[in-house]
Amino acid sequence: MTQTVSSSEARHAERYSPGDVEAKWRSRWREQGIYEVDLHDDSRPKFYFLTMYPYPSGDLHVGHWYAEAPADAAARYRRMRGYNVLFPMGFDAFGLPAENAAIRAAREGQDVHPATLTYERIARMERQYDQMGAMFDWSKKVVTCDPEYYRWNQWFFLKMYERGLAYRKESYVNWDPVDQTVLANEQVIDGRGERSGALIERRLMPQWHFKITDYADELLDFTGLDWPERIRVMQTNWIGRSEGAEVVFKTEHGDDIVVFTTRPDTLWGATFMVLAPEHPLVSKLTTPDRAEAVRAYVERSSHMTELDRQAEAREKTGEFLGSYAINPVNGERIPVWIADYVLMGYGTGAIMAVPYGDERDFEFATAMGLPIRPVVRPDGATGPDDELPGPWTGPGTIVNSGPLDGLRHNGEKGRANPAIAAAIDHLESIGAGREQVTYRLRDWLISRQRYWGTPIPMLYCDECGIVPEKEENLPVVLPADVAFMPTGESPLKHHPAFVNATCPSCGGKARRETDTMDTFMDSSWYWFRYLSPHDDTRPFDPELVRRWTPVDVYTGGVEHAILHLLYARFFTKVLRDLGLVDISEPFTMLRNQGIILGADGEKMSKSRGNVVNPDDLVAQYGADTVRAFLMFIGPWDQGGPWNYQGIEGVYRFLHRVWALVVDQEAPAEPGPDADPSAAATELRRAVHKAIKEVTEDLEAFRFNTAVSELMTLANAMGKAKPHREALGDAWTEAVRSLLLLMAPFTPHVAEELWERSGFEGSVHLQTWPAHDEAALMAETVRMAVQVNGKVRGQVEVPVDADDAAVLAAARSEPNVARYLA
RNA sequence: GCGAGGAUGGCGGAACUGGUAGACGCGCUGGACUUAGGAUCCAGUGGCCUAGCCGUGCGGGUUCAAGUCCCGCUCCUCGCACCA
C-alpha cells in the first residue's frame, strides 16, 4: 500500500486534505441539524428512502459502505429534488451472535451480557457511520432490543393471537443442533442452518406459528410494485402455488387417504399409492406381516437429515404396507406403499402414483416392479394404447381412462386444461374429490429456544390452558440475570422468577412461555416505528403512517429476497387487516446491491484474510473517495471483487476538482488560436450533458456511470480552464453545477468547495440543477457520411450548417477523404 | 434438470429505441518538473504482415448498417430442485 501524500501537502497548503475537510463539515452539519427531518412538514412532498438496518456486529465493514453510501447518494439526490426525505437508520439488535458470544465468555468464566455487548457495538457502529457522512436522521433511531420497541412485537402477537393468526401446533420442525434452536423453513438452505451451517434435524415439537399461508395468494400479487424480477420470481417459487384436485381413496380399513394431484386427468393410470414415512395412517394401514420392514424403514428415514434425503435423490426406496386402497374412478384395488420421496410437508403427505405420467413414480414403479398403465397418447405416437412407453408428462390425448378418453391434455395447468377440467367435474360428480390449490409455503414458525429475543407473551395455566398476557402487563421484559448455557432450551426456562407467574385469566399459578420470537419479527415492521420511535402508547402514529408510508424506495441485499421481504409484506397485510394501517404493500420500489468480494474474488472473511477495513481506507483517502469509489467500481446490483488500485483514480479525481476550483494561480496563457466563444459553448455543452446524464443515472441507480460523468465534466473543465478569464459566467456556472452534481456522491468536499467558491448556504440544501436541452442539442449534430452507397464515416457539424459546410466537414474526415480520393 | 442473468482491450467496466465499439478509471509507454519520485502534470495506449485490414464467447442469418435483432451452440454466475 502506498502512504499518504502528507509530505507534499505540507508544501502546497492548498492541496485537498480530506481529513480536515470531512471533520469540519461533519461537526458543522451536526450542529446545524441539517439532517433532522420534520415529519409534520407538508410544504414539500414526502419521500421515504429506507435502507435495510444492520445487525450490530461490532464493526462496519466495507459491505455496509457498499450498501449504504450509494443509498445515501440517492436519498440526497431526492432531497435536492425538493422532497422532504426521511432516511432513517437503526439496529436489528436481537439475535444469536451476541448470545453465542455470551456463552463463549461464560465457558471461559467471564461475564458478558448480550445486552451490554450489543449496546457497545451499536455505539461503535454509530461512530463509524458518522465517518461516512451519510444524511441519516439518527433522531429516529430504532433499536429492536429496547423494551420500548419489542413490547410492540408482543402487542402485535396478542392481536394476531386474538385473530387466530398466531397459533401453537405440534409438528415436525427444523432443529439446528449447533445454534440449539428450531428454525423457520426459510432459514434452512440446502438442509443446513442458514446461520450455523449445521445439518438440520427433524424434531416433533409444539411451536408457535404465524398463519402466513392465509396470505399466500395475496403475496403472489406484485401489482404496482417496482421490484427486481428475480426477487419476484424467488418469492413466487417459494410460495409455490399449484392448481389441481384433492382426491379421496378409501381403504379396506375404513380410513380414507386424501391426496393432492395436479394431474387428476391421469387418475385412471394410478396403479399404487405412496405415503410419506411420517404419515399418520402408516401404522393403521400396515399389515402384521409387513410390520417389521415398515417399522425399520420409518425408523431409518426419521434419522435422515434433509441432506441425506437429497443425496439419495433419484434412488427410490420404499416398503409395501400390505394393505390396499380403492381407486374411486374405476374401483380398482391398488397397493399402498411408503417412500421417502413423498414429503409430509407438502400437500397431504400422500400421493396417488401414476408411473406413466410422472417421472418419480415411474422410477419407483420400475424399481419395485409395479405396473405402469399408459393414459396419455403423445401427438404422433404409434402403436397400441397399452404399449406406449412412458413416462410422458407432456400434452397428448387421454386414453384408457373411461369417460375422459379422447379428451385433450394441452399442457396447461388447472381448469385451463380440458382434460383436467373434465377430470375435476367427474370427481365432483362421483363425490370422490374436488378442485384444490396447494402451496409450498408453510406457516411461519416463530418460536426460538433462545434468550436474546422478544419473549412470547403467553402463559400456560393448569386450569385455563394457554392464556395470553394482558396488554397492560406489556412489555414482558427479558430478565437480565440468566445463565448462558446452550441447553437446547431457552435460558429463560431455568429462571424461576420469569417462569412462575400468575394466570392473567384466573389468577392461579401459571408458567410463562420461555421461547422467544424469531428476530425476523423485529424487522417485519421497523420502518413504521421510525416515524415515532419513542411513542409508549402505541406502536406507531397512524397519522404519520398515513402520510409517510409506503416506503418509496427500499434498498438492501438480495440475501433477504425471501426471508425478510416476504415476512415484511405479510406483516403489512396483517396490520392492514387489524385496522392499523391502510396500505397492503410496505415497499413500493426495491433495489438490491450486489456483494462486494475480496481482491481474490472470494467472499470476504477473516479466515481468508481478504477483508477490507473501511476505517483504514477512510484514514488514507477520506470518506468521499471511499464513497465515490464504491459507487464507481461497477454496476451496484452486481457487486464484485475489490480492487485496491482503482481507488487511486477516484482520489486523483477529487484532487483535480480541488485544484480546478481552489487554485487561484493565473491560468495558463490561452493558445493563439483560442476561440473564447467556442470554448464557452463547448463548456456549456459539457455541463448540461453532465447534468442530464447524472440525473438519469441517479434515477436508475447507475452510480458507476454517474461518477464517470462527473469525471468527464471535470476533464472538460480542465481543458477550458486556460480560457477562464474569457469564459466569465460560463466558468462560474460550470463550477456551480459540478459541485451540485457532486454533492450526493462526495458530500464533504462538495460542501467545502461550495463555501470556498463563495456560493450561498449549504450545497446540500440547494435545488438540483436542470439541464438545458438547447445547450445540448442545438450546437452540433452527428451525420453518417456515405461514399458510393457505403457508410464510411461520421462527422459532427453545426446543426445549421449548409450543404457546402457539411461537404467540407466530410472531406476533412480522414477516413471519408480516403474514399473520395 | 427447470428458471433468470451474463460473456466487450492487460483489468473494472461504457455504449438510449440497431447507426458505425471500447466512455470513465486502473495499468502500461513516453515526456515535463525534479537530488529522487512509488508525488504531480502533459501525451499516447484494441490487435495486426499498418496505402489497409481484423476485432464485442462460437457458428449461421436479417440489414445500407448488428455488441445490440433472429436461429443453433459453448461456458460462467445466481436462484429453485424428488413440491405430486
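Lettering of chains follows the sequences in order, A, B, ..., and the numbering in each one begins at 1.
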What does [X] touch in the nucleic acid at a heavy-atom separation under 4.0 angstrom: a base, only the sugar-phosphate, or nothing?
{"X": "A:R656", "value": "sugar-phosphate"}
{"X": "A:R440", "value": "base"}
{"X": "A:I351", "value": "base"}
{"X": "A:Q638", "value": "sugar-phosphate"}
{"X": "A:D361", "value": "nothing"}

Rounding to a whole Å, what distance do you find between [X]:[atom1] and [N]:[atom2]?
{"X": "A:N704", "N": "B:G13", "atom1": "CG", "atom2": "P", "result": "9 Å"}
{"X": "A:K692", "N": "B:A15", "atom1": "NZ", "atom2": "P", "result": "13 Å"}
{"X": "A:D637", "N": "B:C78", "atom1": "CG", "atom2": "P", "result": "15 Å"}
{"X": "A:Y439", "N": "B:A84", "atom1": "OH", "atom2": "P", "result": "13 Å"}
{"X": "A:Y16", "N": "B:A39", "atom1": "OH", "atom2": "P", "result": "18 Å"}
{"X": "A:K316", "N": "B:C82", "atom1": "NZ", "atom2": "P", "result": "10 Å"}
{"X": "A:L630", "N": "B:G25", "atom1": "CG", "atom2": "P", "result": "18 Å"}
{"X": "A:Y346", "N": "B:A81", "atom1": "OH", "atom2": "C1'", "result": "13 Å"}

Under 3.5 Å side-chain donor-acceptor pair for A:T393 and A:Y356 =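 No, no side-chain donor-acceptor contact under 3.5 Å.
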
A:N715-A:T712 side chain donor-acceptor pair, cut-off 3.5 Å |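 Side chains of A:N715 and A:T712: no pair found under 3.5 Å.
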
Pairwise [atom1] distance, [M] and [N] [rounded to whole Å]:
{"N": "B:U68", "M": "B:G57", "atom1": "C1'", "answer": "16 Å"}
{"N": "B:U77", "M": "B:A84", "atom1": "P", "answer": "28 Å"}
{"N": "B:A7", "M": "B:U17", "atom1": "P", "answer": "15 Å"}
{"N": "B:G9", "M": "B:U56", "atom1": "C1'", "answer": "10 Å"}
{"N": "B:G44", "M": "B:G22", "atom1": "C1'", "answer": "16 Å"}
{"N": "B:A23", "M": "B:C16", "atom1": "C1'", "answer": "14 Å"}
{"N": "B:A15", "M": "B:C53", "atom1": "P", "answer": "29 Å"}
{"N": "B:C75", "M": "B:G25", "atom1": "P", "answer": "38 Å"}

Considering just the side-chain nitrogens and oxygens of [X], establish if one lies under 4.0 Å of OP1 or OP2 belonging to [N].
{"X": "A:R652", "N": "B:G27", "answer": "yes"}
{"X": "A:N715", "N": "B:G25", "answer": "yes"}
{"X": "A:S242", "N": "B:A84", "answer": "yes"}

Quiz item: cation-pi between A:R373 and A:W268, 6.0 Å / 45° |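 Relative to the ring axis of A:W268, which defines the angle, A:R373 lies outside at least one limit.
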
Can a cation-pi geometry be assigned to A:R569 and A:W227, taking NZ or CZ under 6.0 Å from the six-membered ring centre and within 45° of the ring axis?
->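 Positive - A:R569 is close enough to the ring of A:W227 and near enough to its axis.
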
Does B:G9 sit syn or anti, given that only angles within 90° of 0 count as syn?
->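 Here the answer is syn: the torsion falls within 90° of 0.
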
Which stems does RNA chain B form, counting runs of 3 or more consecutive Watson-Crick or G-U wobble pairs with both distances under 3.5 Å?
->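 So far as stems of 3 or more pairs are concerned, RNA chain B shows B:1-7 with B:74-80, B:10-12 with B:24-26, B:27-32 with B:40-45, B:46-48 with B:52-54, B:57-61 with B:69-73.
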
Starting at the 5' end of RNA chain B, which residue's closest nucleotide do you reach first, A:G639 or A:F653?
->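 In this pair, the answer is A:G639.
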
A:F632 or A:D358, whichever maps to the more 5' nucleotide of RNA chain B =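 Here A:F632 is the residue nearer the 5' end.
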
Aromatic centroids of A:Y567 and A:W444 separated by under 6.0 Å =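 Yes: the rings meet the under 6.0 Å criterion.
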
Assess the pair A:F632 and A:F653: is the distance between their ring centroids shorter than 6.0 Å?
->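 Between A:F632 and A:F653, the centre distance exceeds or equals 6.0 Å.
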
Select one nucleotide: of B:A14, B:A84, B:U40, the one nearest the side-chain heavy atoms of A:L343.
->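 My answer, after comparing the listed nucleotides, is B:A84.
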
Proximity to the side chain of A:V233 - top-ranked nucleotide from B:C82, B:A84, B:G3 |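 Ranking B:C82, B:A84, B:G3 by closest atom to the A:V233 side chain puts B:G3 first.
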
List for me each residue that meets ring-ring contact (aromatic ring centres under 6.0 Å, His included) alongside A:F320, sequence neighbours excluded, and say none if there are none.
->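 Only A:Y324, A:W337 meet the ring-ring contact (aromatic ring centres under 6.0 Å, His included) criterion with A:F320.
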
Gap between atom CZ of A:R702 and atom CH2 of A:W636 - 0.5 Å precision =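 One finds 14.0 Å between CH2 of A:W636 and CZ of A:R702.
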
For A:D624, salt bridge (Lys or Arg N to Asp or Glu O under 4.0 Å) partners two or more places apart |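 Here no residue qualifies.
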
